[in-house]
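Quick note: numbers below take in every heavy atom, side chains included, and nothing from hydrogens, waters or symmetry partners. Below, chains carry the letters A, B, ... as their sequence lines are ordered, and counting in each starts from 1. Quick caveat, the model's predicted, so the values are computed rather than measured.
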2 protein chains.
Amino acid sequence: MGREAVLDVLSLTEDHLSAEDIYMRVHETYPAIGLTSIYRTLDMLVNIGLVYKFDFGDGRARFELAEGPKGKDHHHHLVCTGCGHIVNYRDFIDEEVALLKKTEEGLSKKYNFAITNHLIQFYGLCETCRKK
Amino acid sequence: MGREAVLDVLSLTEDHLSAEDIYMRVHETYPAIGLTSIYRTLDMLVNIGLVYKFDFGDGRARFELAEGPKGKDHHHHLVCTGCGHIVNYRDFIDEEVALLKKTEEGLSKKYNFAITNHLIQFYGLCETCRKK
DNA sequence: TTAAACAGTGAAAATGGTTGTCAATAACAA
DNA sequence: TTGTTATTGACAACCATTTTCACTGTTTAA
Ligand SMILES: [Mn+2]
Ligand SMILES: [Mn+2]
Ligand SMILES: [Zn+2]
Ligand SMILES: [Zn+2]
């Protein structure tokens, strides 16, 4: 099963790979694999919560390892609307984490939601893109 | 030009409409319009910042009026991963707004980004979906 | 006024990431 | 063995979005 292979690829990078990116990398050490299986495996990994699926607006899904024992630390994204460059940032202000928890609790109560996750992204222009 | 028609449709709902949803509604009062023009107009409205484009993972882009003079108030999203239901919430805790600004400033400085916007979504299960 | 350049538009075709189908093979059970 | 079930990859189908292009109405320049 390519489950391990896909997880290995994802654990080796900070990038946000597309299904085809992953396919190509797995293919190097596991040439028998098909793109279909990569999609299938990713789907399953996303469903069991080991992998996150994102859409940054470039027409293809992007994946990264979910946080956890083997996963990267939890982080948020800084997205450049000019060139698409994405920064993973984890240096949260202390208050940020505290407030996030507080906000989740408030929303849970008010709207009767069992909140399990959040997505936080800031959009703007990186230094390079600003200079043009 | 269908610009007005599209904006009218979007200003009449709290929902997050797809391009085709919008097409069908505009079509009622403006039967000559084509789907291509809807896409073109949406693209342009997104570029000039009058409309926001989202992806909630159902395979099609979703649109809503950006905040502003004629727009809705700024809000964040609560997304049910069970049924896809989306809540627009605007009752921010006071601190939330303050901290958001502070965080933006910190990030701007640290990563040299000119931040113009943010996307904040909480994921979970709504009451109905929790009961199954 | 006229004619050429231009901008806006919709129908239809093309694109391309993703999903579905299906036959082949592997793993397992009786 | 032998039948059953699970896994897999090649290929076809899908479908939201984009591209192409002919057609129209509008502006511009002589
Ligand atoms: Mn990331
Ligand atoms: Mn909304
Ligand atoms: Zn950039
Ligand atoms: Zn639900």
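A:F54 shares a hydrophobic cluster with A:Y52, A:F56, A:V79, A:I86, A:L119, A:Y123, B:Y52, B:F54, B:F56, B:V79, B:I86, B:L119, B:Y123; the chain of contacts runs through ILVMFWY side chains whose heavy atoms sit under 4.5 Å apart.
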ask   = How does protein contact run along nucleotides 21-26 of chain D, one letter per nucleotide 5' to 3', with B for base contact, S for sugar-phosphate only, - for none, heavy atoms under 4.0 Å?
value = ------

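Without hydrogens or angle criteria, B:T13 side chain to B:L10 main chain gives no donor-acceptor distance under 3.5 Å. Checking side-chain atoms of B:R3 against main-chain N and O of B:L42 turns up no donor-acceptor pair under 3.5 Å.
Residues satisfying the side-chain hydrogen bond (donor to acceptor under 3.5 Å, both in side chains) test with A:H27, not counting sequence neighbours, are none. For A:H75, the side-chain hydrogen bond (donor to acceptor under 3.5 Å, both in side chains) test picks out A:E64, A:H77, A:N88, A:R90, with sequence neighbours left out. Considering only residues two or more places apart in sequence or on other chains, A:Y23 meets the side-chain hydrogen bond (donor to acceptor under 3.5 Å, both in side chains) condition with none of them. Under the side-chain contact (heavy atoms from CB on, under 4.5 Å) criterion, A:D55 pairs with B:D55, not counting sequence neighbours. By the side-chain hydrogen bond (donor to acceptor under 3.5 Å, both in side chains) test, B:H74 pairs with B:E67, B:H76, B:H118, sequence neighbours left out.
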ask   = Can you check side-chain contact (heavy atoms from CB on, under 4.5 Å) on B:V46 and B:F63, steps first, answer last?
value = CA-CA 9 Å; B:V46 168; B:F63 302 86; 4.1 Å; yes

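Sorted by first then second residue, the salt bridge (Lys or Arg N to Asp or Glu O under 4.0 Å) pairs that include residues 102-117 of chain A, not counting sequence neighbours, are A:K102-B:E95, A:K110-B:D91. Note on residues 18-44 of chain B: pairs passing salt bridge (Lys or Arg N to Asp or Glu O under 4.0 Å), not counting sequence neighbours, are B:D21-B:R62.
Atoms CG (B:L42) and P (C:dT9) sit 13 Å apart, rounded to a whole Å. Atom P of nucleotide C:dG8 and atom CD of B:E4 are separated by 15 Å, given to the nearest angstrom. Spacing between atom CG of A:L35 and atom P of C:dT18 amounts to 9 Å, rounded to whole angstrom units.
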For nucleotides 25-27 of chain C, which of its nitrogen or oxygen atoms have a protein nitrogen or oxygen under 3.5 Å away, and what is each distance?
none

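Within residues 13-33 of chain B, the residues having any heavy atom under 4.0 Å from DNA chain C are, by residue number, B:A32, B:I33. Residues of residues 56-64 of chain B having a heavy atom closer than 4.0 Å to DNA chain D, listed by number: B:G59, B:R60, B:A61.
Looking at A:F122 and A:V87, their side chains never come closer than 4.5 Å, going by heavy atoms from C-beta outward.
Contact between the side-chain N/O atoms of A:Y39 and the OP1/OP2 oxygens of C:dT19 is not found at any separation under 4.0 Å.
Interatomic distance, B:I33 CD1 to B:M24 CE, rounded to the nearest 0.5 Å: 14.5 Å.
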